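Just so it is clear, the structure is predicted and the values come from calculations on it, not from any experiment. All residue numbers refer to positions in the sequence shown, counting from 1.
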Amino acid sequence: MYSNGNGHDTICISGSCVLIKPVSVGEKWDINYVSISNAGTFTRIAEGQFVGTENITVMGSNLECTHVRIKGIRQGGSSSKSFTDDYWLVKGIGVVKVIYDGPDDYSVTDELIEIQ
């Protein structure tokens with residue numbers, strides 16, 4: 001279960017993170033995908049970057065995390081907007097923290113608060 005701090009919790013039903021090959025700090029790769037939500041269909045043209053490993057406190061525990069940053073452009077309708085998403089992942093758990101930064105000072109932080 002994740003909490004974004006505004007009372008809207010999200011339960012993670014399933015998912016996985018796969019590391020295809022070893023990466024070095026600072027290494028980048030292309031990420032292009034389409035997302036569909038209540039707000040519409042958007043094409044995202046982005047670049048992923050392995051920021052490094054970090055220790056962060058989540059659920060009261062100090063965890064060694066892999067930090068990945070995704071920066072790009074979200075295109076939908078007649079607009080294009082930039083975004084930066086930072087993910088912290090833990091082996092055996094998955095994503096434990098995400099910071100979504102978008103246009104117009106939009107920022108949301110989701111953090112794992114419970115494993116069910």
Side-chain angles (χ1 to χ4, degrees):
M1 180 178 288
Y2 294 86
S3 174
N4 60 15
N6 66 3
H8 299 288
D9 295 339
T10 302
I11 297 173
C12 182
I13 303 300
S14 66
S16 62
C17 300
V18 178
L19 185 59
I20 304 298
K21 65 174 187 160
V23 292
S24 301
V25 172
E27 189 169 339
K28 297 178 180 181
W29 59 91
D30 291 332
I31 302 172
N32 300 309
Y33 60 97
V34 174
S35 63
I36 301 170
S37 70
N38 292 339
T41 300
F42 300 94
T43 300
R44 295 176 187 251
I45 301 167
E47 180 177 78
Q49 179 180 15
F50 176 54
V51 178
T53 57
E54 302 172 7
N55 287 328
I56 65 170
T57 301
V58 176
M59 299 182 309
S61 297
N62 188 25
L63 302 173
E64 184 177 351
C65 301
T66 298
H67 182 183
V68 175
R69 177 170 294 136
I70 299 173
K71 294 179 83 169
I73 302 291
R74 182 183 86 163
Q75 299 172 328
S78 61
S79 67
S80 293
K81 299 186 178 194
S82 64
F83 69 92
T84 301
D85 298 339
D86 283 278
Y87 295 84
W88 287 264
L89 305 99
V90 174
K91 185 176 182 178
I93 297 175
V95 178
V96 296
K97 182 176 181 177
V98 183
I99 299 176
Y100 304 101
D101 282 323
D104 306 322
D105 295 324
Y106 172 84
S107 182
V108 173
T109 299
D110 288 339
E111 189 171 296
L112 184 67
I113 57 172
E114 180 181 9
I115 299 174
Q116 296 182 342

Answer yes if [X] and [Y] sit in the same cluster of Ile, Leu, Val, Met, Phe, Trp and Tyr residues linked by side chain heavy atoms under 4.5 Å apart, and no otherwise.
X	Y	result
I73	F42	no
Y100	I45	no
I93	I99	yes
V96	I115	yes

Task: Interatomic distance, K97 atom NZ to L112 atom CG [nearest 0.5 angstrom] - done: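 With rounding to 0.5 Å, NZ (K97) is 12.0 Å from CG (L112).
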Open item on the list: I31: which residues meet the side-chain contact (heavy atoms from CB on, under 4.5 Å) condition with it, sequence neighbours left out?
Closed with: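 Here the qualifying residues are W29, Y33, A46, I70.
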Task: E64: partners by salt bridge (Lys or Arg N to Asp or Glu O under 4.0 Å), with sequence neighbours left out - done: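 Per chain and number, E64 pairs via salt bridge (Lys or Arg N to Asp or Glu O under 4.0 Å) with no residue.
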Scan the side chains in residues 47-61 for donor-acceptor partners under 3.5 Å anywhere in the protein, sequence neighbours excluded, and list what turns up.
{"residue": "E54", "atom": "OE1", "partner": "W88", "partner atom": "NE1", "Å": "2.9"}
{"residue": "E54", "atom": "OE2", "partner": "H67", "partner atom": "ND1", "Å": "2.7"}

